[in-house]
Amino acid sequence: MTDIEYRLPQRLELRTDLPGPASVALAARRAAVVAAGVSSTAPVFAADADGGVIVDVDGNSLIDLGSGIAVTSVGASDAKVAAAVAAQAAHFTHTCFMITPYEGYVAVAERLVALTPGHHEKRVVLFNSGAEAVENAVKVARLATGRQAVVAFDHAYHGRTNLTMALTAKSMPYKQNFGPFAPEVYRMPMSYPFRDQPGLTGVEAAQRAIGMIEKQIGAQSLAAIVLEPIQGEGGFIVPAPGFLPTLVAWARENGVVFIADEVQTGFARTGNWFASEDEGIVPDLITLAKGIAGGMPLSAVVGRADLLDAVHPGGLGGTYGGNPVACAAALATLDRMAEYDLPGRAAALGARAKQTLTDLAADVPAIGDVRGRGLMLAVEFVGADGITPDAALTKAVAARCLEQGVLVLTCGTYGNVIRLLPPLVIAEETLDEGLAILVDTIRALAGAQAEV
Ligand SMILES: Cc1ncc(COP(=O)(O)O)c(CNCCCC(=O)O)c1O
């Protein structure tokens, strides 16, 4: 693997309690002006970040195993990305591509056409957030097919706008009391191998969903299927082999647009450029965001030219979509990902990390499942019966890791999943140190639980 140079020491160093005094003071200022609906995992405020560490305003250096939710794959201050951002901003920060276009947008589109699965003619539209990309992919599918119905799956997460809330499965905290939600969205059962009845194959799980689609909606009324190749917020659910290809084949046979939502799985996270490749599927449309631009807000819909070009001129856009500074960051980010071979790095580091967690699971009954690919890994916690979700233990593990200076995130429909999303440029030693603290914490807390 490529040696990576870092600007900050890639170490865990705690100088104060967490939060330290400067974070406490900032928290008081925050409480006076920031809406209570915006919550934060860490009780500290960032002052600097690089590679696999975040330094807070009190000088504490934390190990970051979250990447700001799978965003800072190349780190939060990569030198090439920072230079590209500064250079672009010194020329122009915005002209609005719908008013005065610029090369950066076109160059990003060219890279995405070349990088994404499939050798068919493609088109690209750029936006700002993942939800915006998903919204627009559904718009395109509905216009191009003349149909209205959209299928999403159990445990899905697609965003916080009205349509993407309708597509998202979990009510609290994403949807509760925010309705009514967009109509013509139907939810189908997912392939969730750890929780499906034993022996349900991916093909059988797909056929179960297809049967329900044909009975409840009718293929001729269905515009699109929207699915994350590995479900993120819902719990890093990796469908059984065969699930995705069976759904894609059925969609193709019935003129249904298959939208792969790779906002969280995309850009080397799972050990390939895109998780769709892991399953050998070629989506009709693919939604992208998060890792695309080194932390700058940028998202995209990439896919079949006949679908995207079916839209009338002016039908797609938005003021900031494909902002030039974000596009400059994206080009530098994609260069870095190739230079460092981040798909290969994610696969290699992820395999080692997954083995560490799998070995741990053999000793810890509270771990019901270890799953994921590349550096998108998850540990699902269960009770003594081996299946009842244990959200309390999950929360305690994450909190205890944070007290020790390791930032891990949780997720899952049942809140019982610890997920690992480290920056893909994290130093091996830093990842090993963070993993060791996570392992020791799980042993201590799960072991204590087992003795109760
Ligand atoms: C698959 C998938 N599609 C779409 C989205 C939405 O992307 P935006 O950029 O947050 O709008 C996501 C965002 N996931 C993290 C959201 C966290 C939170 O808001 O609490 C995703 O994972």
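Whatever order the structure lists ligands and atoms in, that order sets their numbers, starting from 1. All values derive from a computational prediction rather than experimental measurement.
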* Would you check whether K290 reaches within less than 4.0 Å of ligand 1, judged by its heavy atoms? => yes
Go through ligand 1 atom by atom and flag the ones less than 4.0 Å from a non-hydrogen atom of [X].
X	result
A131	6 (C), 7 (O), 8 (P), 11 (O)
R160	18 (C), 19 (O), 20 (O)
S129	9 (O), 11 (O)
E228	1 (C)

[X] atom [atom1]: more than 12 heavy-atom contacts under 6.0 Å:
X	atom1	answer
Y320	OH	no
K395	NZ	no
H119	NE2	no
E277	CD	yes
E121	CD	no

Of all the non-hydrogen atoms in the protein, which one sits nearest to [atom], and at what distance?
atom	value
atom 4 (C) of ligand 1	H158 O, 3.3 Å
atom 22 (O) of ligand 1	Q264 NE2, 2.8 Å
atom 3 (N) of ligand 1	D261 OD2, 2.7 Å

* Asked: Taking NZ, NE, NH1 and NH2 as the nitrogens, is one of them in E184 or R142 under 4.0 Å from a carboxylate oxygen of the other?
  -> no
* Residues R304, D306: salt bridge by 4.0 Å N-O rule -> yes
* To do: Check whether any protein heavy atom sits under 4.0 Å from atom 10 (O) of ligand 1.
  => no
* Pick from A260, S39, G130: the one approaching atom 8 (P) of ligand 1 most closely through a non-hydrogen atom -> G130
* Run down the list L288, L167, I69 and name the one with the heavy atom closest to atom 17 (C) of ligand 1. => I69
* Asked: Quick check: does Y174 get an N/O under 3.5 Å from an N/O on ligand 1?
  -> no
* To do: Evaluate side chain to side chain contact (heavy atoms under 4.5 Å, CB included) for R30 paired with F45, printing each intermediate quantity in order.
  => CA-CA 10 Å; R30 168 183 177 164; F45 285 75; 4.1 Å; yes
